[in-house]
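First comes the structure, then the notes that go with it.
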Amino acid sequence: MSGRRFIVRGLVQGVNFRATAAEQARRLKLDGRIWNREDGAVEAEAEGSADALERFEAWLRRGPSYASVESVESEPLAREGRYRGFAIG
């Protein structure tokens, strides 16, 4: 298991981004959390298989239909194994 932190920038708040990202993460059997940032971005931490994390990042780069993703930053998580399930907020 590995973990990654993602920061998604663009039109990603108020467009159902977090809910659809959480659904995608659960489908991929990832654990973690996603939340809105004060700067207008969305941040997520996810843990699971390397393949699932790669697929999740690819989804984040597209987002739901009403979103307009400008960029996605990704970095390894310093701590792993802290989540059970995938939460919003």
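As a basis for the values below, the full set of heavy atoms in this structure was taken, side chains included, without hydrogen atoms, waters or symmetry mates.
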query = Relative to W35, does R33 satisfy both conditions: NZ or CZ under 6.0 angstrom from the six-membered ring centre, and within 45 degrees of the ring's axis?
reply =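 Output yes; distance and angle both within limits.
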What closest approach, in Å, do [X] and [Y] show between heavy atoms, and which atom pair accounts for it?
X   : Y   : value
I88 : R18 : CG2-NH1, 3.7 Å
G40 : V12 : O-CG2, 3.6 Å
A52 : L30 : CB-CD2, 3.7 Å
I34 : A21 : CD1-CB, 3.6 Å
F6  : A46 : CE1-CB, 4.2 Å
F17 : A67 : CD1-CB, 3.8 Å

Minimum side-chain heavy-atom gap [X]-[Y] below 4.5 Å:
X   : Y   : value
W59 : P64 : yes
N16 : Y66 : no
V69 : L60 : no
V42 : Q13 : yes

query = Heavy-atom count around R55 CZ within 6.0 Å, excluding the residue itself: above 12?
reply =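 Not more than 12 within 6.0 Å, no.
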ask   = Atom CD1 in I7, atom CD in E43: separation rounded to 0.5 Å?
value =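 Answer rounded to 0.5 Å: 4.5 Å.
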ask   = Is R26 reaching over with its side chain to a backbone N or O of F86, donor-acceptor style, under 3.5 angstrom?
value =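 Checking the backbone N and O of F86 against the side chain of R26, a donor-acceptor pair under 3.5 Å is found.
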task = Keeping the roles fixed (side chain from E47, backbone from G3), state whether a donor-acceptor pair exists under 3.5 Å.
result =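 Side chain of E47 to backbone of G3, a donor-acceptor pair under 3.5 Å: no, none is there.
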ask   = Among pairs that include at least one residue of residues 56-70, which meet salt bridge (Lys or Arg N to Asp or Glu O under 4.0 Å), considering only residues two or more places apart or in two chains?
value =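 For residues 56-70: E57-R61.
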query = Would you say L77 and L53 are hydrophobically clustered, going by side-chain heavy atoms of ILVMFWY under 4.5 Å?
reply =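 L77 does not cluster with L53.
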inquiry  = Under a 4.0 Å threshold between the charged nitrogen and the carboxylate oxygen, would R4 count as salt-bridged to E75?
reply    =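 Between R4 and E75 there is no salt bridge, as every charged N stays at least 4.0 Å from the carboxylate O atoms.
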message = So that I can tick it off, tell me whether D39 and R9 are bridged by a salt bridge, with the cut-off set at under 4.0 angstrom between side-chain N and carboxylate O.
response =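 Salt bridge flag = yes for D39 with R9.
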inquiry  = Under the rule for salt bridge (charged side-chain N to carboxylate O under 4.0 Å, His left out), what residues qualify as partners of E54, not counting sequence neighbours?
reply    =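 Per chain and number, E54 pairs via salt bridge (charged side-chain N to carboxylate O under 4.0 Å, His left out) with no residue.
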